[in-house]
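Beneath this line is the structure, given in structure tokens, with notes to follow.
We name chains A, B, ... by the order of the sequence lines, and we start the count at 1 in each one. For clarity, every value in this text was computed on a predicted model and none was experimentally measured.
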Amino acid sequence: MPSMPSPRVVTRFAPSPTGHLHIGGARTAVFCWLLARHYGGRFVLRIEDTDTERSRQEYTDSILASMSWLGLDADSAPVYQTRRFSLYDEYIERLLKSGDAYWCRCRPEEVEAMRDKARAAGEKPRYDGRCRALGLGPGPGHAVRLAVPPSGKIVFEDMVKGTVSFDVNELDDMVLRRADGAPTYNFAVVVDDVSMNISHVIRGDDHLNNTPRQILIYQAIGAALPVFGHVPMILGPDRQKLSKRHGAKAVIEYEKDGLLPEALVNYLVRLGWSHKDQEIFNREELIAHFNGASLNSAAASFDPEKLLWVNSQHLRALSSQEMLPRLLPFLRREGIPVDDTDHIMRCIPLYQPRVDTLAELAGQMRPLLLKAADIVHDPAASAKFLSAEGTAHVAALRERLGTLEDFHKEALRRCIHAYVEESGVKLKLIAPGLRVCLLGTGSGPDLADIMEVLGRRESVERLSRALSHAGALISLHRE
RNA sequence: GUCCCCAUCGUCUAGCCGGCCUAGGACAACGGCCUUUCACGCCGUCAACAGGGGUUCGAAUCCCCUUGGGGACGCCA
């Protein structure tokens, strides 16, 4: 039940290409995307590259790649601010003509001196508007400033913060167009949001203070206001600003770690939004429930452990067919042969409930996918579980398995249990040794499951190889 | 310094247009069950309304103050 029926919801995500997409930005993007999808509206991407010093094409490419990996598809090609300078100039002309903006010849150092003075007096640092009455025209070093009304209050309803109000006296005559002709951030944003018909501006609450400035610009150009929604920032586990040492990384890093994009999206959305007690959501559920309400107004801290848990839940929901293409790159990275995809798919269910990430899955599956000759037997586990007695049990079981007519897990299980009963030893005593022989490690999936997947020939070969290896070890000890 | 925003378990949160809250769920931690191991799963334990004033028959829920945290004060975005 959509609570905010709107004729046309248009949202935008507007990163500046000065770095890779990080999780804070990613979460904002997810919120924007979900709101548009929920209401059947449009979602667009705008690259805010007016800072030519710091903007880099490789970051734009990286951000685009991360958006695509996350599944946040836009409804039109990205808009680049650097290609819209003539549009900004048109608006500047209009504001100059109407008297809502004026030329300023003050040098940056002069303005900084004014601010220092105000700061020293315990006031809010601001430009004093001395050029406003001068009636200046364009000229070298001249910027354009907005003529802010002398008094009044800016009040707006924020989707997440509720009623927010600022006193106009707090604001000074901000620069709209730099001396070099480039638009400033606040001005470009407003012109773009107006011309792109953005209905909902969702962004981090570090922009809350920009909003009254931008509203002044909306008013000056006579445009209707969009709905604003300022989502709280994401903090580190220590409540400090999120940084790399908190385990918060760029989105591409999570991709490399083997996270599922739907899991990252799920985790990010729940950081600041909730739907009753539900923790795990698929994409359809998110779209169905995310209507812009229930957004938390307090900052949240990032918890890498819960992210892993969410990922493990999504990982378990995948069928082997769905898992395969996602897993393949990680197996290749481990140098594991990937030609027998049927075999890989049969191995997936054995490890799926045991791991949190795709990278971990690839690592754990390794012994099952390698050839018998390439298995590395963990020396500690071998020493512990492959005593002379343990080895004898493995040898005896190998004989039985070699002649077992039915090599399916139920039969294998019966075979093992029959041996246990007849020999009178505890299963506990022989199982770990068997596993070491099969996989090289003391722990892992169910033995019958392992052997069924391996098949008779491979299982027996692994046992034989391990036995000869263990025999050599034992005779070595005797000498 | 000035302005803005925020405040429920360690963390994410439900609840917040007042009574159904001896505050619910999840992650983590701890204990147990299941089990050939390690996991999964299941069961349980620990754990919070920042403090102080109001308003009210009644406040986690409304108001004020304090404290704490975050953000912003650029010809950066």
Side-chain angles (χ1 to χ4, degrees), chain A residues 14-18 48-51 53-55 81 104 106-108 111-112 115 118-127 141-145 158 160-162 164-167 169-172 174-186 188-189 204-213 230 232-233 235 237 239-241 267 270-280 294 296-310 312 316 351-355 364 381 385 416-417 420 426-436 441-448:
Chain A
S16 66
T18 53
E48 311 221 320
D49 54 354
T50 52
D51 183 357
E53 292 285 302
R54 298 191 301 146
S55 296
Q81 288 189 321
C104 169
C106 294
R107 310 172 68 90
V111 178
E112 195 41 51
R115 294 207 169 93
R119 237 186 292 261
E123 284 162 17
K124 189 140 179 139
R126 38 179 293 169
Y127 169 71
H142 290 198
V144 175
R145 288 181 182 272
D158 191 274
V160 349
K161 303 286 187 184
V164 180
S165 110
F166 287 84
D167 199 311
N169 290 315
E170 293 296 326
L171 281 11
D172 63 2
M174 74 196 102
V175 171
L176 264 21
R177 192 183 119 127
R178 291 183 260 256
D180 67 3
T184 56
Y185 166 76
N186 281 126
V189 164
D205 71 4
D206 48 336
H207 286 293
L208 197 56
N209 293 280
N210 282 325
T211 305
R213 298 170 187 284
H230 290 91
M233 320 232 64
L235 271 25
R239 311 287 316 170
Q240 295 299 300
K241 199 169 181 172
Y267 175 75
R270 278 285 287 103
L271 220 51
W273 176 83
S274 60
H275 177 67
K276 313 239 174 77
D277 284 338
Q278 191 170 344
E279 296 284 351
I280 303 301
S294 301
N296 208 148
S297 50
S301 24
F302 174 77
D303 181 2
E305 294 202 52
K306 187 154 185 180
L307 170 59
L308 281 180
W309 177 78
V310 171
S312 76
R316 273 159 217 165
Y351 285 96
Q352 199 166 10
R354 320 174 69 86
V355 299
Q364 299 238 340
F385 302 120
I416 295 171
H417 285 279
V420 166
K426 287 237 190 281
L427 179 54
K428 217 176 254 183
L429 260 36
I430 63 171
L434 209 45
R435 187 177 285 101
V436 171
T441 60
S443 73
D446 180 83
L447 287 168

Open item on the list: Which is more 5' along RNA chain B, the nucleotide nearest A:A121 or the one nearest A:G162? Just name the residue.
Closed with: A:A121
Open item on the list: Give me the distance, rounded to whole Å, that separates B:A48 from B:C5 when you measure between the P atoms they each carry.
Closed with: 31 Å
- [ ] Check the pair A:C104, A:Y127 against side-chain contact (heavy atoms from CB on, under 4.5 Å), reporting the backbone distance first and the verdict last.
- [x] CA-CA 11 Å; A:C104 169; A:Y127 169 71; 3.3 Å; yes
Task: Sidechain N-carboxylate O distance under 4.0 Å for A:R119, A:E112 - done: yes
Task: Separation of the C1' atoms in B:G10 and B:A50, to the nearest angstrom - done: 15 Å
Task: Contact summary for A:A300 and A:L271, nearest pair of heavy atoms - done: CB-CG, 3.9 Å
Open item on the list: Less than 4.0 angstrom between a side-chain N/O of A:S312 and OP1 or OP2 of B:C40, yes or no?
Closed with: no
Task: P-based separation of B:U56 from B:G24 [nearest Å] - done: 30 Å
Open item on the list: Between C1' on B:C27 and CG on A:D303, what's the gap in Å once rounded to a whole number?
Closed with: 6 Å
- [ ] Take nucleotides 15-24 of chain B nucleotide by nucleotide from the 5' end and write B, S or -, depending on whether a protein heavy atom sits under 4.0 Å from the base, only from the sugar-phosphate, or from neither.
- [x] ---------B
Can you name the atoms? Protein N/O to nucleotides 29-34 of chain B N/O, anything below 3.5 Å, with the distance.
none

Open item on the list: Between A:A431 and A:V164, which residue's closest nucleotide on RNA chain B lies nearer the 5′ terminus?
Closed with: A:V164
Open item on the list: Does any part of the side chain of A:L427, heavy atoms only, come nearer than 4.5 Å to the side chain of A:H417, both counted from C-beta?
Closed with: yes
Task: A:N296 side chain reached by A:S274 side chain, heavy atoms, under 4.5 Å - done: no
Open item on the list: Show, in sequence, the C-alpha distance, side-chain angles and deciding distance for A:Y185 and A:M174, and conclude whether the side-chain contact (heavy atoms from CB on, under 4.5 Å) test is met.
Closed with: CA-CA 11 Å; A:Y185 166 76; A:M174 74 196 102; over 6 Å; no
Open item on the list: Over all strands shown, is A:G204 touching base, sugar-phosphate only, or nothing at heavy-atom distances under 4.0 angstrom?
Closed with: nothing
Open item on the list: Output the rounded distance in Å from CG (A:L171) to C1' (B:U2).
Closed with: 13 Å
Open item on the list: Please classify the nucleic acid contact of A:L271 as base, sugar-phosphate, or nothing, using heavy-atom distances under 4.0 Å.
Closed with: sugar-phosphate
TODO: Taking the side chain as every heavy atom from C-beta outward, state whether A:T211 and A:F166 have any pair of such atoms under 4.5 Å apart.
DONE: no
TODO: State which residues pass side-chain contact (heavy atoms from CB on, under 4.5 Å) with A:Q278; sequence neighbours excluded, sorted by chain then number.
DONE: A:H275, A:F281, A:E285, A:H289
TODO: May I ask which nucleotide in the shown strands pairs with B:G68, Watson-Crick or G-U wobble, both distances under 3.5 Å?
DONE: B:C6
- [ ] Specify the separation, in whole Å, of atom CG of A:L308 and atom C1' of B:A26.
- [x] 15 Å
Task: Pairwise C1' distance, B:C4 and B:C27 [rounded to whole Å] - done: 32 Å
Task: By side-chain contact (heavy atoms from CB on, under 4.5 Å) - contacts of A:D158 (at least two apart) - done: A:F156, A:V160, A:K161, A:V164, A:L208, A:F228, A:H230
Open item on the list: Which nucleotide, if any, forms a Watson-Crick or G-U wobble pair with B:C62, using both distances under 3.5 Å?
Closed with: B:G54
Open item on the list: Check the phosphate of B:C4 against A:S165, side-chain N and O only, distance under 4.0 Å to OP1 or OP2. Yes or no?
Closed with: no
Open item on the list: Counting the atoms with a prime plus P, OP1 and OP2 as sugar-phosphate, which does A:T18 contact under 4.0 Å by heavy atoms, base, sugar-phosphate, or nothing?
Closed with: nothing
- [ ] Rounded to whole angstrom, note down the C1' distance from B:C16 over to B:A7.
- [x] 13 Å
Open item on the list: Measure CD1/A:I280 against P/B:U13 and give the value in whole Å, please.
Closed with: 15 Å
Task: B:A39 pairs with, by Watson-Crick or G-U criteria that keep both distances under 3.5 Å - done: none
Open item on the list: Using the C1' atom as the point on both nucleotides, what is the distance between B:C62 and B:A72, in whole Å?
Closed with: 29 Å
Open item on the list: Side chains of A:Y267 and A:L308, heavy atoms from C-beta outward: is any pair under 4.5 Å?
Closed with: no
- [ ] Measure from NE2 on A:H275 to P on B:A26 and round the result to the nearest Å.
- [x] 16 Å
Open item on the list: Distance check needed: B:U36 P versus A:L447 CG, whole Å only.
Closed with: 10 Å
- [ ] Indicate yes or no: at least one non-hydrogen side-chain atom of A:R115 is less than 4.5 angstrom from one of A:D172.
- [x] yes
Open item on the list: Students often get this wrong, so: under 4.0 angstrom with heavy atoms, is A:F166 touching a base, only sugar-phosphate, or nothing?
Closed with: sugar-phosphate
Open item on the list: Can you say whether a donor on the side chain of A:K306 sits under 3.5 Å from an acceptor on the base of B:A26, or the other way round?
Closed with: yes
- [ ] Could you please name the partner base of B:C73, counting Watson-Crick and G-U wobble pairs only when both distances are under 3.5 Å?
- [x] B:G1
Open item on the list: Closer than 4.0 angstrom, basic N to acidic O: yes or no for A:D167 and A:K124?
Closed with: no
Open item on the list: Between P on B:C40 and CZ on A:R316, what's the gap in Å once rounded to a whole number?
Closed with: 7 Å
Open item on the list: Suppose we define a pair by two distances each less than 3.5 Å, Watson-Crick or G-U wobble; what does B:C16 pair with here?
Closed with: none
- [ ] Any strand is fair game: report the nucleotide pairing with B:U45 by Watson-Crick or G-U wobble, both distances under 3.5 Å, or none.
- [x] B:A29
Task: Minimum-distance pair of heavy atoms, taken over all atoms of A:Q364 and A:V355 - done: CG-CG1, 3.8 Å
Open item on the list: Using a 4.0 Å heavy-atom cut-off, does A:P15 contact any base of the nucleic acid, only the sugar-phosphate backbone, or nothing at all?
Closed with: nothing
Open item on the list: Rounded to whole Å, please give me the gap between CH2 in A:W273 and P in B:G25.
Closed with: 20 Å
Task: C1' atoms of B:A14 and B:U61, separation to the nearest Å - done: 13 Å
Open item on the list: Measuring from atom CG of A:L171 to atom CZ of A:R213, what distance do you get when rounded to the nearest 0.5 angstrom?
Closed with: 4.5 Å
Task: Interatomic distance at P, B:U8 relative to B:C63, whole Å - done: 16 Å
Open item on the list: Output one letter per nucleotide in nucleotides 65-75 of chain B: B when a protein non-hydrogen atom lies under 4.0 Å from the base, S when only the sugar-phosphate is that close, - when neither is.
Closed with: -----SBBBSB
- [ ] Could you pull out all residues at least two apart from A:T184 that satisfy side-chain contact (heavy atoms from CB on, under 4.5 Å)?
- [x] A:V175, A:R178, A:F187
